[in-house]
Amino acid sequence: MTGAGFSLAGKRIWVAGHRGMVGGAVVLRLASENCTVLTATHAELDLTRQKNVEDWMAANKPDVVVIAAAVVGGIHANDTRPVEFLNDNLQIQSNIITNAHRVGVQKVLFLGSSCIYPRLAPQPLTEDSLLTGPLEPTNQWYAIAKIAGVKLCQAYRREYGRDYISAMPTNLYGPGDNFDLMSSHVLPALLVKTHRGKQSNAPSIELWGSGTPMREFLYVDDLADACVFLMKNYSHDAPINVGYGSDVTIRALAELIAEVVGFKGGFTFDATKPDGTPRKLLDCARINALGWRAATNLKEGIAKTYDWYRANRAQG
Ligand code: GFB
């Protein structure tokens, strides 16, 4: 199951999507791996253009590729921009994986998402629940693209013996996240809302949906560490889950964030906004059995993210 022992030392590792939260954290984590990290900005390389990716990969010859490039966003962005979440993601991952095979890339790590699993699959979600039932409608576009990426890695493994693997992280957060209220995920959105609420002494802030859905949150540096761990220690066609280990309701998350930020007001709920899937806690038995687990607890991760937000994004 594991195929342990792939060495990153001396390798040329391309982190696609290094300007994003995940890619940025992976680049930082790779700094201690004695490898050469390759990156390309969007201006240098448009990943949706097949020819550009082909030329760039032929010229730069990576040995290893981490696919952290994707169109990502929270529940509202997923629900309202289906073309980008489906089509751009299909193009980006297909261009990279296809050309990885062409130029002889030894190892590809494709990053998916816990939303690939069926909406009502048994909790915690095991890797085996993939394609056993209907998807959550708000993010089906993104999920279908990510499932296709998992399948393409499996196809190259089956037909050409390529060591291309897929990891499925739970909801991620951390420094470098998107803090735009309409397109972000819930955790950065609530950091912004509580921060502004504290500054204006607001009696309450508004949460979307009912506050009852449960989510699991993993700090991005832990994901980056898992990426390095899996590249070295995992070689299998099944995707492997990367989670934190426990989940909270959205209301409990809001209360924890309010405590970290120092917001003393209450919460109201906007029922016109979707709840999304009721729960998506990952079963991490496989990665735990290999010897990896998350190190950053939720409160500590929120505090670090809030520090970064105040230093880099907050106005006032
Ligand atoms: O993080 P989030 O946008 O996406 O929302 P998902 C999680 C939950 O938080 C939902 C609620 O129940 C939201 O209704 N929520 C409450 C809020 N207040 C807010 C707010 O101010 N902003 C946001 N964004 N949510 C995404 C998928 O699903 O998760 C993606 O759409 C991806 O495809 C990602 O899988 C990890 O967790 O529901």
Side-chain angles (χ1 to χ4, degrees), residues 20-22 68 70-82 84-86 88-90 111-121 123 125 130 135-150 167-174 177-197 202 204-220 223 239 241-244 247-258 261 263 266-282 298 302 305:
M21 174 178 72
V22 171
V71 175
V72 298
I75 192 165
H76 182 70
N78 268 263
D79 209 18
T80 53
R81 294 177 53 221
E84 288 77 15
F85 278 83
L86 178 60
D88 289 19
N89 283 324
L90 284 171
L111 289 170
S113 162
S114 57
C115 70
I116 65 165
Y117 297 119
R119 172 183 165 85
L120 297 178
Q123 305 281 326
L125 297 156
L130 183 62
L135 297 165
E136 155 62 30
T138 55
N139 57 32
Q140 57 180 315
W141 323 96
Y142 184 69
I144 294 271
K146 290 295 183 181
I147 292 169
V150 170
M168 297 304 117
T170 192
N171 291 37
L172 302 167
Y173 71 99
D177 210 342
N178 169 17
F179 291 89
D180 170 71
L181 286 181
M182 289 318 287
S183 60
S184 74
H185 290 101
V186 60
L187 196 151
L190 297 188
L191 273 175
V192 175
K193 288 180 180 179
T194 52
H195 176 75
R196 290 182 186 163
S204 63
I205 59 158
E206 188 176 82
L207 308 190
W208 294 355
S210 63
T212 59
M214 300 193 74
R215 293 290 184 274
E216 178 187 21
F217 298 95
L218 181 69
Y219 190 60
V220 70
L223 174 70
N241 291 341
V242 187
Y244 173 65
D247 55 358
V248 291
T249 63
I250 296 302
R251 180 191 269 277
L253 175 74
E255 286 165 355
L256 187 60
I257 291 175
V261 169
F263 170 67
F267 308 110
T268 61
F269 294 89
D270 177 359
T272 67
K273 294 285 195 309
D275 267 345
T277 193
R279 195 177 184 200
K280 48 177 175 177
L281 176 65
L282 288 177
L298 182 56
I302 290 169
T305 308

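Both counts, for ligands and for their atoms, begin at 1 and track the order of listing. Excluded from the calculations below are hydrogen atoms, water molecules and symmetry mates; all remaining heavy atoms, backbone and side chain alike, are included.
Near Pro213, meaning under 4.0 Å from one of its heavy atoms, ligand 1 places the atoms 12 (O). Listed by number with element, the atoms of ligand 1 under 4.0 Å from a non-hydrogen atom of Ala189 are 20 (C), 21 (O), 22 (N). Residue Gly73 approaches ligand 1 through these ligand atoms, each under 4.0 Å from one of its heavy atoms: 30 (C). The Arg215 neighbourhood of ligand 1 comprises atoms 6 (P), 7 (C), 37 (O), 38 (O), with distances under 4.0 Å to a heavy atom of that residue. Numbered from 1 in the order shown, with element, the atoms of ligand 1 that lie under 4.0 Å from a heavy atom of Cys115 read 33 (O), 35 (O).
Side chain of Glu216 to backbone of Leu281: no donor-acceptor contact under 3.5 angstrom is found. Side-chain atoms of Asn78 come within 3.5 Å of backbone atoms of Gly73 as a donor-acceptor pair (strictly under, hydrogens ignored). Counting only distance, with no hydrogens or angles, the side chain of Asn89 and the backbone of Val71 share a donor-acceptor pair below 3.5 Å.
Of all protein heavy atoms, the one closest to atom 27 (C) of ligand 1 is Asn139 ND2, 3.3 Å. Nearest protein neighbour of atom 35 (O) of ligand 1, counting heavy atoms only, is Ser113 OG, 2.9 Å. The protein heavy-atom contact nearest to atom 29 (O) of ligand 1 is Lys280 NZ, 3.3 Å. Nearest protein neighbour of atom 34 (C) of ligand 1, counting heavy atoms only, is His185 NE2, 3.2 Å. The single protein non-hydrogen atom nearest to atom 4 (O) of ligand 1 is Ile75 N, 3.6 Å, given as residue, atom name and distance. Counting protein heavy atoms only, atom 5 (O) of ligand 1 is closest to Val186 CB, 3.8 Å.
Closest heavy-atom approach to atom 13 (C) of ligand 1 within the set Pro188, Pro274, Gly276: this belongs to Pro274. Atom 12 (O) of ligand 1 has its nearest heavy-atom neighbour, among Asp275, Asn78, Ile205, in Asp275.
Summarising the geometry, atom CG belonging to Leu223 is positioned 6.0 Å from atom CG belonging to Leu111; distances are rounded to the nearest 0.5 Å. Expressed to the nearest 0.5 Å, how far CD of Glu206 lies from CG of Leu190 amounts to 11.0 Å. Distance check, rounded to the nearest 0.5 Å: CD of Gln123 to NZ of Lys280 gives 10.5 Å. Separation of atoms CG (Leu207) and CZ (Phe267) is listed at 6.0 Å; rounding is to 0.5 Å.
Not a single heavy atom of Thr138 sits under 4.0 Å from any atom of ligand 1.
Considering backbone and side-chain atoms alike, Gly209 places every N or O at 3.5 Å or more from each N or O of ligand 1. Between Ser184 and ligand 1, an N or O atom pair is found at a separation short of 3.5 Å.
Side-chain N/O atoms of Asn178 and Ser183 include a donor and acceptor closer than 3.5 Å. Side-chain contact annotation: Thr277 with Glu136, donor-acceptor N/O pair under 3.5 Å absent.
Contact annotation for Ile250 and ligand 1: only side-chain heavy atoms (C-beta onward) come within less than 4.0 Å of the ligand. The proximity of Glu136 to ligand 1, defined as any non-hydrogen pair under 4.0 Å, does not occur for either the backbone or the side chain. Within the 4.0 Å heavy-atom criterion, both parts of Trp208, backbone and side chain, lie near ligand 1. The side chain of Lys193, and not its backbone, has at least one atom closer than 4.0 Å to an atom of ligand 1 (non-hydrogen atoms only; side chain from C-beta on).
For the pair Val186/Phe217, a side-chain contact is recorded, criterion being any heavy-atom separation below 4.5 Å from C-beta on.
Few gaps surround CH2 on Trp208; more than 12 heavy atoms of other groups in view lie less than 6.0 Å from it.
Leu86 approaches Ala145 most closely through the heavy-atom pair O-CB, 3.8 Å.
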